[in-house]
Each structure stands twice: as structure tokens, then as C-alpha cells.
Amino acid sequence: MATSAAKPETETLRTLPGDDVRQILWRFADRYDLQMLVQSSRSVARGIVAHLVAEGARNTHEWTERKNELLKAYDDAGITAAFMEPEEGGFISGPKNLALSLIAHELAWVDAGAATGSLAGCLALSPIHERGTPEQRQKYMSLAAPAQPGEDRKPWRGAFCLTEPIPYVGVDTGMLNGKVRVAEWNEGEEPMLQVEKRGRFITNMGFANFATAAVDTADERIKSSCIIILEEGDEGVFDRGTPTRKMVHQLSSTSDPIFSLKVPASRIVGGYTLKDGVIVPTYTHSEVIEAVFKRTRVTVAVMTSAKLLSAIEPVIRYQRGRFRGAEQATPGTLRYELGLQQREDVLHRLLDVWAMGEASAALAFAAARCFDVVDPLEKEKTRILAEQGIKGGKSELKFFRSVTKEALEFLDLCAKPEDCRNNVRLLELHENKLVQYAILDSVASVLCPAAKLWNTGKGSVLMREAVSLMGGYGITEDCPGFLGHKWMDSQLEATYEGPEAVQRRNLTVTMTNELFLKQFRNWIIEMRAIAAHKPGTGACTLATAMQLWMWTYNHTQNGTDANGNKLYHGTRQAVTFALADALCWLLASRQQILDAQELEAKGPDNPVVAEGLAGTLQFMTDLCHIQAAKAAGEVARICAELVYGYNRHPAWDEDGYKGCYQEQELEMLEGVIPGFSACATDVIGVDGTHPHKEGPCPSCRGLSGFQRIRNKLDGCLTGVMLAKDRAAESLQTVMIPEALDYPM
């Protein structure tokens, strides 16, 4: 097939994308408070954090005095207070998902253990923030905020104690071994509770003043499980336990605490009511952690993205200088000027790392921004439901059936041309908070587990690639950028806040939401539209891959395997989990393309970005194309396995022969239609002989739609290697600083 290449672009990437570019890509160019937070977080990361790593602080599991300096650095930089509202001692009003993600990105750029330590305090406060009573929120947020001018106090530190049962880490959070029972309950007084809890792998326990702990009821006078707040001054045992012997993230304090404490019932997060002499917690422990993990997984996803993006500069520097110092590499020669970068292989492999870093960051920050919009809508939803007396899962589910219908109507109207729709009705639905909440929540509920699953799981694989691009240098302690540490750290991030199976299970539930699927179909149209005015982004490739995923999803919903068993079923994880994995590739690539579109639209307005924008935009667009092709390949492989893999291959038996031509029959047809025999693949000889293969080729009846899209997808890869070559040229010429801005 004849093809024609697009005219090569002359502009190439001049410098590595700076803050101004990132602010546009991640949508905080108009948030001065977040820009300042990024700068202060960076000063901590590339200051004390980098020095601790370089000094070998990761070589001990103990929480040392030197490591303890991190806490004050977090306070001084505003990192601690970023989680609080202004009235609680903070400085950012409203949702803070994007703010916390930016902090995580800056700290994890150098060391993810430091990022984990800072975020663990927010995780401890999250149950109180999301489900606590007003009194609980006011008390603990204020205590955890850094001291204000004129105050003489140390801020409280918190730990979140959930993972159980011991001795393992990261198991089913529904299986608790912490217990709570009534210790004393005098007439007319508040009940006192006895809490017995052993934690495992609990971050911040080396210095925590309080812990939010999940416990199950062990008393018929307490109805259910709950999250309860434990303070170090409570009566009983508050044992921080021995430090966990982690292989990674040693800049966070982790130990296995033991609690045996007597606390008032008012410490139950969210409060309680009394009913017939029984304490009824307002929220079970699972209801609380559902609200918490719904958001906090995004920041962990950001940490692995930061690792990939932080690897680019050290790898370029290493590869260019690889041969300098040797007698054969003199200035002016290719060996001296380009080093390893004179070879295509290293350039293309680094582009794979870079493309995935951009895509994973795009996905995670999109999830964070989405939650920033969802959070106030969720509070409004809670208020409206309370006013209408609707409480409990089944009641809410029933109520939201009608809301979902209106939300689908809204999405249908949005998809129509402006002059062909009822704009009055559209505006009415747009102003309906419940409708908007339902739509956005359906997306956020997919983006969060997708980012956590894909960024950490696939990111750890690509970190191995980044380390390998440094040769033997990559696994030394003096490797610039601490890439060896980051490679190991990424393994833990794939486990934090629920291992990969938990994220996949979550996705298999949320991605079947009809509101999400409706939007997903609209996104296919969106990608086609982008491809029409901006070819070369990979948007067309991605749209076809999304179409293939949608076809496969529908096929599994209604199809059965060769034994008549339903394909899409809750326990059939080989199908559901595989589709979840494929979806993640698509979501990340889509968001990367949308980010590039944002840069194209907003870049000219920024004088710093505008200079050299053409080259930057061309490079980022090529990265989109590279990643879209990678995503398409992964989706095609997964979908083909699911569509064909559950059909039994025909055998050379009586049934199998039915689909074959007989030799005599073919000779007769050839006489009528010359050349017909060339189309026959399975021919049975007069003596019953057959071709040397497993059996007749399987029938593709009912799969023609899949085959058509799959064939189209292969063709959609046209031009991707040209984009890779073009991006590789940029890698050879892009300017980088003389040295990293933090120590080795």
C-alpha cells in the first residue's frame, strides 16, 4: 500500500517542559496559591529530602532525629497546612485534591517515602474530614495545623490504622481483628469504650499523637464496626511498636503498633446514636474508608508518575556523556557530543518512558481535578437527601434511578448540535446539582482506581526500563536522580491503599455504570473531532481502540463461552479484570491528548511558553501519538484474547469437516469459477487427508464487526514510527541543565 509521510516539522523541543508548561497541562495556571505551594514543596524535596537520601538516611528503618527534621520542613513550607481549611489553620479554601497531588508530585520527584510521610498525616485526618462530626473536625484539624504566629505548641501528627489482620499487609479491609466493647456505662453518662487493636505497617506511628483506627464490635451493646480516634494520652497502652523492616520508602516512619485503650464513645468518627440501649455508630468502618480511599488513591498514582518524569533528565545527561573521558571520544565527534544518543534504540526506549510518564500524570491530575469539582456537589447531594429524609444504600439507590435518567437525557442533549436540541431543558439539567453530581461522580469513580492501578502497575515496569537505560550506573547508590531507589519504591506504591486486584475489582463495578459508558461513547466522538482538526495526535487511533473496547465489552456482556457460561460475571476475573486493564490504557491516552490540546489553546497566551511553543507542542503531540499507538496495541491484544479465546478450536472430526471443502467439490467449483480454489484454506483430500494444523480455521460468524474494527486499528497506526523518529531528533538536541538541582 502506498503511503505518504507528512511534511517533517522543523521545530523541535528546545528545553525540557518547565513550570509554565506544566501549569497549563495540569490546569493550575490561574491558581497562584498552588503555584506557590509547588515552589515551597520543591524546596523541601530538593533540599532536605534530597540530602537525606544522599546521606544514606534510607539505610535504616528507625525514625531518627535527622529524619524528624522533615516534619518541621513540611510545616514551614505549608505542606502540612495544605489539607486544612483557613479557619482550621490552612490557607487553601475548598477541595484540595489537586493541591495534595501537586505536593505528592514534587516530593516524589526526589523520594516517594517523603511524599508518603507527608500524605499519611492527611490520610489520618481524612476519616474525620469526610465523616467526622463538626466538633471532631474542628478539634483535630486545628490541633494538626502548624502553630500560628504567637502560638506556643507543637502540631499533632496522625496515623491511619486499618491494614489487618496481622501478620500480612494489604489484605481484605473487611476482615478486621481490632475490637471495641463497652468498658463502663454509668447511668446518665457517656459510655466509655475499650479498644483493642494491633496495627501492621502503619505509617507515621513513630511520632503520631493520635490514630484513626478501624475496629469491629465485640459487644452486643455496639451495633457495628466503626473508625475510632485514639490519643496517646488515653488510659491504657499506646505502644508504637517496632519499626517495619521495609525494603523501600524508608523516609516515612512505619511500625506495627499495639493499642489497648479506654476512650469515650464520642471518639467514634461521625458520632453515634443510642437505640434501645445499643450504641449505633453513624458510619461503619467500611463506609468511612470508602469515602477516604475514593480520593486518596490519586496521590499515590501521582507518585509513580513523578518517578517516570524525573528520570528523563538524568538519563539524557548520562547517555550524552557516556563516552566522555575516553581517548577515542574527542570534542566534535558523535561519541563525544551524543554518546549513546547516536543510537536509535536508546532514544526510542526513553520516549516510551517519557510518553507513559506524561500519560500517567495526565490521568492522575485529571482525577484530582474531577474530585475537586465532585466534592462540593457531593456535600450538596448529602444535604438534599437529608432534607428529603433519604438515608441508607437502598433508599439512595432508588432515588438516584430517576436522577440517572435525567443525567442520561443531559448527556444526550449535549451530544446534539446546538440548533437541534432543547436548550431550555439543557440549562435546567445543567443547573440541577444532583444531575451534575451523578455525571461527574460516575467519571471520578472510574478515574481514581484506573489511575492507581495503571500508573503504579505499568509505571513500575517502565521504571525498570529507565534504570536499564543507565546501564550498571542505574543500580548504584550514586545514580543521579536516585533511579534505583525509585524503581524499588514503585513496587510498594502498587500496593498502597489496596493492591492491584482491589483496584481492578473496583473498576469492574464502576465502569459498568451506564452514565460512564454513555460518556465513554461520547469520548469516541470527541477523539474523532480532535483528529479531524489536529491530525498526528493519535486521537484517531485512540478512537478506534476505544471502539474496539466498547465492542468487546458489549460482546462479553451478552456472550457465553464454549461451555455456555456467561463471559462477564463478577467471579470471572479473567474477563472483567482484563477489560479493566484495557480501559486504563485508553483513559490515560485520552487525557494526555486533551492536555496537549490545552497546551495548544492556552500556550500562546503565556509569553514564557509561547517562545518555543511550536517545538514543545510538536514534541508533546508526538508523545501522544506514541502512547496512543501503545495503548491501541495493548487493547487490541486484550480484546482479541477475550473475543476469540473462549471459543473452542474446531478439530479434525466430523463436525470440523462440515466447514471444509472436499477436494472433488473444489475441483468442480474451480471449473465454474476460475480461481475459486485459491480462497479455500481447509481442503479435505479424497483419502481424508487434511492440512498440517490443529484443525479447520475457526468460524468468525458474529465477529465480523470486531474484525472490521481490528483491521481498521492496524491501519490507524500509520505514521506512529515517523512521530517516534521525529521525537527522537528532539531528544538529541533538547537543552538540559549542566547538573541536577539536587545532590546525587
Side-chain angles (χ1 to χ4, degrees), residues 45 49-50 52-53 57-58 101 103-120 123 169-170 201 203 244-252 254 296-315 349-350 352-365 367 448-470 473-477 479-504 581 584-585 588 627 630 634 742:
V49 173
L52 280 169
V53 178
R58 291 173 56 111
S101 295
I103 292 173
H105 181 269
E106 287 302 324
L107 293 177
W109 188 276
V110 178
D111 185 85
T116 301
S118 94
L119 294 171
L123 183 61
V169 176
F201 209 86
T203 307
T244 307
R245 297 170 65 82
K246 295 180 296 183
M247 298 171 68
V248 295
H249 282 206
Q250 290 91 346
L251 288 195
S252 60
T254 310
T296 53
R297 286 168 172 152
V298 174
T299 49
V300 182
V302 168
M303 283 193 240
T304 313
S305 306
K307 288 177 168 59
L308 292 173
L309 293 177
S310 72
I312 305 303
E313 184 183 330
V315 171
R349 287 165 62 197
L350 182 57
D352 288 336
V353 175
W354 197 337
M356 174 149 191
E358 295 291 346
S360 63
L363 177 61
F365 282 116
C448 179
K452 173 66 172 60
L453 171 65
W454 192 77
N455 287 16
T456 59
K458 301 302 177 187
S460 64
V461 175
L462 264 291
M463 267 313 296
R464 182 264 172 202
E465 187 77 347
V467 171
S468 73
L469 287 170
M470 302 288 286
Y473 203 14
I475 55 171
T476 62
E477 290 190 355
C479 172
F482 312 126
L483 299 191
H485 292 315
K486 291 174 182 174
W487 176 31
M488 292 189 292
D489 284 354
S490 64
Q491 310 302 317
L492 178 57
E493 287 144 31
T495 301
Y496 269 151
E497 299 198 35
E500 293 175 349
V502 172
Q503 312 306 326
R504 289 191 175 100
D581 284 342
C584 294
W585 283 95
Q627 189 60 31
K630 189 81 172 176
E634 290 293 326
Y742 56 94

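Side chains included, hydrogens not; waters and symmetry mates left out as well; all remaining heavy atoms used. Starting from 1, each residue takes its place in the sequence as its number.
- You'll find the side chain of P480 reaches within 4.5 Å of the side chain of Y473, heavy atoms only.
- For C448 against V298, the heavy-atom pair with the smallest separation is SG-CG2, 3.9 Å.
- Here the side chains of M247 and M488 are not in contact, with every heavy-atom distance at 4.5 Å or above.
- Across every non-hydrogen atom of G481 and P314, the tightest pair is CA-CG, 4.2 Å.
- The ring-ring contact (aromatic ring centres under 6.0 Å, His included) search around W109 returns H105, not counting sequence neighbours.
- Residue M303 forms a side-chain contact (heavy atoms from CB on, under 4.5 Å) with just one option from L119, T456, L107, L492, and that option is L119.
- For the pair I475/W487, a side-chain contact is recorded, criterion being any heavy-atom separation below 4.5 Å from C-beta on.
- Scanning all heavy atoms of the two residues, the minimum distance from G459 to M356 falls at N-CE, 3.4 Å.
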| request: Check the pair Q491 / V248 against side chain to side chain contact (heavy atoms under 4.5 Å, CB included), numbers first and verdict last. | output: CA-CA 9 Å; Q491 310 302 317; V248 295; 5.8 Å; no

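- Q503 has its side chain within reach of R297: a pair of non-hydrogen atoms, C-beta onward, lies under 4.5 Å apart.
- Summarising the geometry, atom CE belonging to M463 is positioned 9.0 Å from atom CG belonging to D489; distances are rounded to the nearest 0.5 Å.
- Nearest approach of Y496 to H249, heavy atoms of both residues: OH-ND1, 3.2 Å.
- In this structure, I103 and T299 have side chains that are not in contact, with every pair of non-hydrogen atoms separated by 4.5 Å or more.
- We find the CG-CG distance between L453 and D581 to be 5.5 Å, quoted to the nearest 0.5 Å.
- Side chains of D352 and E465 form no contact here, defined as non-hydrogen atoms less than 4.5 Å apart.
- Residue pairs meeting the salt bridge (charged side-chain N to carboxylate O under 4.0 Å, His left out) criterion with at least one partner in residues 106-119, sequence neighbours excluded, are R42-E106, R58-D111.
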Result block: side-chain N/O donor-acceptor pairs under 3.5 angstrom for residues 304-311, not counting sequence neighbours:
{"unit_1": "T304", "atom_1": "OG1", "unit_2": "E493", "atom_2": "OE1", "d": "2.8"}
{"unit_1": "S305", "atom_1": "OG", "unit_2": "A301", "atom_2": "O", "d": "3.2"}
{"unit_1": "S305", "atom_1": "OG", "unit_2": "S360", "atom_2": "OG", "d": "3.0"}
{"unit_1": "S305", "atom_1": "OG", "unit_2": "A361", "atom_2": "N", "d": "3.4"}
{"unit_1": "S305", "atom_1": "OG", "unit_2": "N455", "atom_2": "ND2", "d": "3.2"}
{"unit_1": "K307", "atom_1": "NZ", "unit_2": "E493", "atom_2": "OE1", "d": "3.1"}
{"unit_1": "K307", "atom_1": "NZ", "unit_2": "E493", "atom_2": "OE2", "d": "2.5"}
{"unit_1": "S310", "atom_1": "OG", "unit_2": "A306", "atom_2": "O", "d": "3.1"}
{"unit_1": "S310", "atom_1": "OG", "unit_2": "K307", "atom_2": "O", "d": "2.9"}
{"unit_1": "S310", "atom_1": "OG", "unit_2": "K486", "atom_2": "NZ", "d": "2.8"}

| field | Derivation and outcome, side chain to side chain contact (heavy atoms under 4.5 Å, CB included), residues Q627 and E358 | value | CA-CA 9 Å; Q627 189 60 31; E358 295 291 346; over 6 Å; no

| field | Stepwise side chain to side chain contact (heavy atoms under 4.5 Å, CB included) check, R464 with V467 | value | CA-CA 5 Å; R464 182 264 172 202; V467 171; 5.8 Å; no

| task | Would you please test K458 and C584 for side chain to side chain contact (heavy atoms under 4.5 Å, CB included) and show each step? | result | CA-CA 10 Å; K458 301 302 177 187; C584 294; over 6 Å; no

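- Taking the six-membered ring for Trp and thresholds of 30 and 60 degrees, Y742 and F482 have ring planes inclined between 30 and 60 degrees apart.
- H485 is listed as a side-chain neighbour of V53, based on a closest heavy-atom distance under 4.5 Å.
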